[in-house]
Amino acid sequence: MFYQNTGGGMYNMKKGKIIILNGVSSSGKTTLAKIIQDRSPIPLYRLDIDDFILMSPDKFNDYENGDFSVQYAFASKFFHAVKLYSDFGFDLIVPYMFFKNSEALQEFRVLLKDYPVLVVNISCSVEALQRREFKRENRKIGSAEEQLNLLEKDFENSLTVDNSEETNDACADKILEAFIK
């Protein structure tokens with residue numbers, strides 16, 4: 001829904017709907033997000049944690065010693081940005097990976113408790129994950145498999161698609177059907 005100024009300011013706006021694509025690394029979240037954007041009959045704005053992290057200035061991170069505190073401090077506010085864009089009425093698609101019992105998961109559940117959120121769990125076979133890791137060349141083979149047991153999949157309003165059994169188009173259609181109802 002597009003914002004229409006009714007004279008009441010942002011407090012009378014309808015919150016933007018949010019799709020969270022929840023899956024391990026190399027499960028196809030970003031690719032799927034782009035396809036969904038292209039196929040959606042309404043504008044969906046993609047907020048990606050990877051892009052968000054890259055906004056922090058490199059010179060304040062000590063990569064050699066593993067100190068990413070500046071980057072992490074900025075990234076820790078990611079769901080505040082998601083909430084803000086939704087408050088302004090923007091419909092969003094958000095590729096993300098929720099780890100069980102993480103601070104980000106707790107913050108997401110508190111901040112977006114009363115927001116129109118559809119969490120889509122992206123399932124993918126280990127074989128497909130390894131194939132994708134190998135193709136990408138910037139991934140350690142097996143890291144996505146290690147993440148599978150850490151991934152939180154228990155959400156109230158959720159849908160699961162299998163990105164190794166179904167085509168990206170079929171997954172996108174299922175997600176859009178659930179989202180735009």
For residues L21 and V94, determine if any side-chain heavy atom of one lies less than 4.5 Å from a side-chain heavy atom of the other. no
Output every pair passing salt bridge (charged side-chain N to carboxylate O under 4.0 Å, His left out) with a member in residues 145-155, not counting sequence neighbours, ordered by first then second residue. K140-E146
I would like to know whether K83 and L112 meet side-chain contact (heavy atoms from CB on, under 4.5 Å); could you show each step before the answer? CA-CA 7 Å; K83 180 181 181 297; L112 298 172; 3.8 Å; yes
Find out whether V117 and F108 are in side-chain contact, i.e. whether some heavy atom of one side chain is under 4.5 Å from a heavy atom of the other. yes
Would you say that S27 contacts N163 through its side chain, given a criterion of any heavy-atom pair below 4.5 Å between the two side chains? no
Is the number of heavy atoms from other residues, nucleotides or ligands within 6.0 Å of CD (Q106) greater than 12? yes
Can you say whether the rings of F79 and F98 are parallel (under 30°), tilted (30 to 60°) or perpendicular (over 60°)? parallel
How close do Q147 and S25 get, heavy atom to heavy atom, and via which atoms? OE1-N, 2.9 Å
Could you go through I175 and D173, starting from their C-alpha distance and side-chain angles, then the distance that decides it, and tell me whether this counts as side-chain contact (heavy atoms from CB on, under 4.5 Å)? CA-CA 5 Å; I175 294 166; D173 288 344; over 6 Å; no
Whether the side chain of S164 engages the backbone of C124 through a donor-acceptor N/O pair (distance < 3.5 Å, no angle test) should be reported. no
Would you say L54 ends up clustered with F74 if hydrophobic residues are merged whenever their side chains have heavy atoms under 4.5 Å apart, either directly or through other cluster members? no
Atom CG in L159, atom CD in E177: separation rounded to 0.5 Å? 9.5 Å
Nearest-0.5 Å distance that lies between atom CG in L118 and atom CD1 in I19: 6.0 Å
Sequence-distant partners of S40, side-chain contact (heavy atoms from CB on, under 4.5 Å), two or more places apart: I42, L44, L176, I180
State whether F179 and K17 meet the cation-pi test: NZ (Lys) or CZ (Arg) under 6.0 Å from the six-membered ring centroid, and within 45° of the perpendicular axis. yes
I'd like to know if the side chain of R46 and the backbone of K34 have a donor-acceptor N/O pair within less than 3.5 Å. no
OG/S86 to OH/Y45 distance, rounded to the nearest 0.5 angstrom? 13.0 Å
Taking the six-membered ring for Trp, are Y96 and F78 ring centroids under 6.0 Å apart? yes
Note: A172 and L32 closest approach over all heavy atoms is N-CD1, 3.9 Å
Should the pair R109 and F155 be classed as cation-pi, given the thresholds of under 6.0 Å to the six-membered ring centre and 45° from the axis? yes
Distance col, row E165:CD vs S125:OG, nearest 0.5 angstrom, shows 7.0 Å
Give the cluster check for L92 versus L84: same hydrophobic cluster or not, with ILVMFWY residues linked at side-chain heavy-atom distances below 4.5 Å. yes
Heavy-atom distance under 4.5 Å between the side chains of V120 and I20, does that happen here? no
Might you work through the salt bridge (charged side-chain N to carboxylate O under 4.0 Å, His left out) test for K15 and D114, ending with a clear yes or no? CA-CA 10 Å; K15 292 176 181 159; D114 296 322; over 6 Å; no
In terms of side-chain heavy atoms, does D91 have a donor or acceptor partner in Y85 at a distance below 3.5 Å? no
4.5 Å side-chain heavy-atom contact, R39 and D169: yes
By the rule that ILVMFWY residues connect when side-chain heavy atoms come within less than 4.5 angstrom, directly or transitively, which residues belong alongside L150? V24, M97, F99, V126, L129, L148, L151
Worked check of side-chain contact (heavy atoms from CB on, under 4.5 Å) between N121 and S158: CA-CA 7 Å; N121 293 309; S158 68; 4.1 Å; yes
Taking S123 for its side chain and D162 for its backbone only, find out whether a donor-acceptor pair lies under 3.5 Å. no
Carefully, step by step, assess D51 and M55 under the rule side-chain contact (heavy atoms from CB on, under 4.5 Å). CA-CA 7 Å; D51 294 334; M55 288 192 284; over 6 Å; no
